[in-house]
There are 2 protein chains.
Amino acid sequence: MIFSKSCVYGLRAMIYLASISREGYVSIKGLSEKLDISFHFLTKILQELTGADLLESMKGPKGGVRLTKSGRCITLKEVVEAIDGPAIFTECVLGLPGCGSEKPCPMHDMWEGTRDEINEIFTTTSLQDMSKEGKAKDLRITPDGKFVWG
Amino acid sequence: MIFSKSCVYGLRAMIYLASISREGYVSIKGLSEKLDISFHFLTKILQELTGADLLESMKGPKGGVRLTKSGRCITLKEVVEAIDGPAIFTECVLGLPGCGSEKPCPMHDMWEGTRDEINEIFTTTSLQDMSKEGKAKDLRITPDGKFVWG
DNA sequence: TATATTTAAGATAAAATTGTCTTAAAACTT
DNA sequence: AAGTTTTAAGACAATTTTATCTTAAATATA
Ligand code: FES
Ligand code: FES
């Protein structure tokens, strides 16, 4: 898998949250059931996103999480970086430290372009793009296709 | 990291082995020291590559590993698949089962092209390409740059 | 105020990956 | 034939990732 499980769970949740027009908080419990992700595990991931100021949370009844003002217009890259860190967009494909800075590795030339393209596509695609796409075309964000958009 | 550590170690070793013109077997001990990889761990990885018929091995003094006849002209993809499996070249970026076959995920359209490009670049780049490149330009395949090409 | 609901935080556990160690089997050397 | 070198195989251990469970803190509602 190119991204960790935490990261893809986070992406799925964020895409769903971005598809919701309502202002209120969404309970993590409900979210976890809708997306078919373990509640406690999802909670931890969303806490990271809250720490990164992409989500804000509130406790108690009517509590939950929602996108922050800045979180409402972010790129997929920001979500990935908040969870998996920036390595995938910067790292040497052979795992050597400091890609490009010193002597590069033999795969550097063939890889750099592709990596730049990954970077490009994740910086130019917004969460909104994905949620609109998903909602408009009724696409799938759970393993079984039982999820239904807003 | 896009590839597992096992995979990256395997790639480094295979690139080095492909740079060697001599016919004989290369001892894993020597290889592990040259590449600065744990001997026992590297041994296991190379056993997988032997099982995949990319390497052949011989025991005893003068023993070691070397590229098989078919292993001498393979692509990087074959090495990656032998260790990490084909997932990276086929899988849904959101980790959903059966990318594209059923309803795709919202990221499918933006991702498929890039994934195809990764596939393309790894199927069209041979081990030979990388070893020639590395040897000709004295590139780096160890964390410190102390490695010297045959 | 008391109670129920919900996230926060951290302990614990399970699973996967990474790394080490030991013993066996094969091949060479003397 | 005996001893040495080297890979094969598998047990074992450490680390990281993934997942679960418990308790605390905050918020709403009655
Ligand atoms: S140095 Fe390896 S990809 Fe840049
Ligand atoms: S279905 Fe997700 S990338 Fe194809």
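Chain naming here is simple, since letters A, B, ... match the order of the sequence lines and numbering starts at 1 in each.
Both tests pass for A:K34 against the ring of A:F147: distance under 6.0 Å to the centre and angle within 45° of the axis.
The nucleotide whose nearest atom lies closest to any side-chain atom of B:K59 is, among C:dG19, D:dA26, C:dA27, C:dA27. Of the candidate nucleotides D:dA11, D:dT18, D:dT20, D:dT20 has the atom nearest to the side chain of A:S38. Closest to the side chain of B:S4, from the set C:dC28, C:dT18, D:dT18, is C:dT18. Relative to the side chain of A:S57, the nucleotides D:dA19, C:dA8, D:dT4 differ in distance, and C:dA8 lies closest. Comparing D:dT18, C:dG19, D:dT4 by their nearest atom to the side chain of B:P61 picks out D:dT4. Distance from the side chain of A:S6 is smallest to D:dT18 among D:dT18, D:dA19, C:dG19.
Of the charged side-chain nitrogens involved, at least one lies within less than 4.0 Å of a carboxylate oxygen, so that A:E133 and A:K137 count as a salt-bridged pair.
Side-chain contact annotation: B:S4 with B:D84, donor-acceptor N/O pair under 3.5 Å present.
Nearer the 5' end of DNA chain C, as judged by each residue's closest nucleotide, is the contact made by A:F39, out of A:F39 and B:H40. Remark on DNA chain D: of its neighbouring residues B:Q47 and A:F41, the 5'-side contact belongs to B:Q47, judged by nearest-heavy-atom nucleotide. Residue order along DNA chain D, read from the 5' end via each residue's closest nucleotide, puts B:G63 first among B:G63 and A:M58.
Rounding to whole angstrom units, CD of residue B:E48 and C1' of D:dA8 are separated by 13 Å. Atom pair B:I28:CD1 and D:dT5:P shows a separation of 17 Å (rounding to whole Å applied). Protein atom NZ of A:K29 is 17 Å distant from nucleotide atom P of C:dA4, rounded to whole Å. Rounded to whole Å, the distance from CD on A:E56 to P on D:dA26 is 18 Å. Remark: C1' of D:dT17 and CD1 of A:I45 are 11 Å apart, rounded to the nearest angstrom.
A sub-4.0 Å separation between OP1 or OP2 of D:dT7 and a side-chain N or O of B:Y25 is absent. At the phosphate of D:dT6, neither OP1 nor OP2 sits under 4.0 Å from any side-chain N or O atom of B:S27. Phosphate proximity of C:dT18 to B:K44: absent, as no side-chain N or O sits under 4.0 Å from OP1 or OP2.
Between B:F41 and B:S6, the shortest heavy-atom contact is CZ-OG, 3.5 Å. In this structure, A:V8 and B:G95 approach most closely via the heavy-atom pair CG1-N, 4.4 Å.
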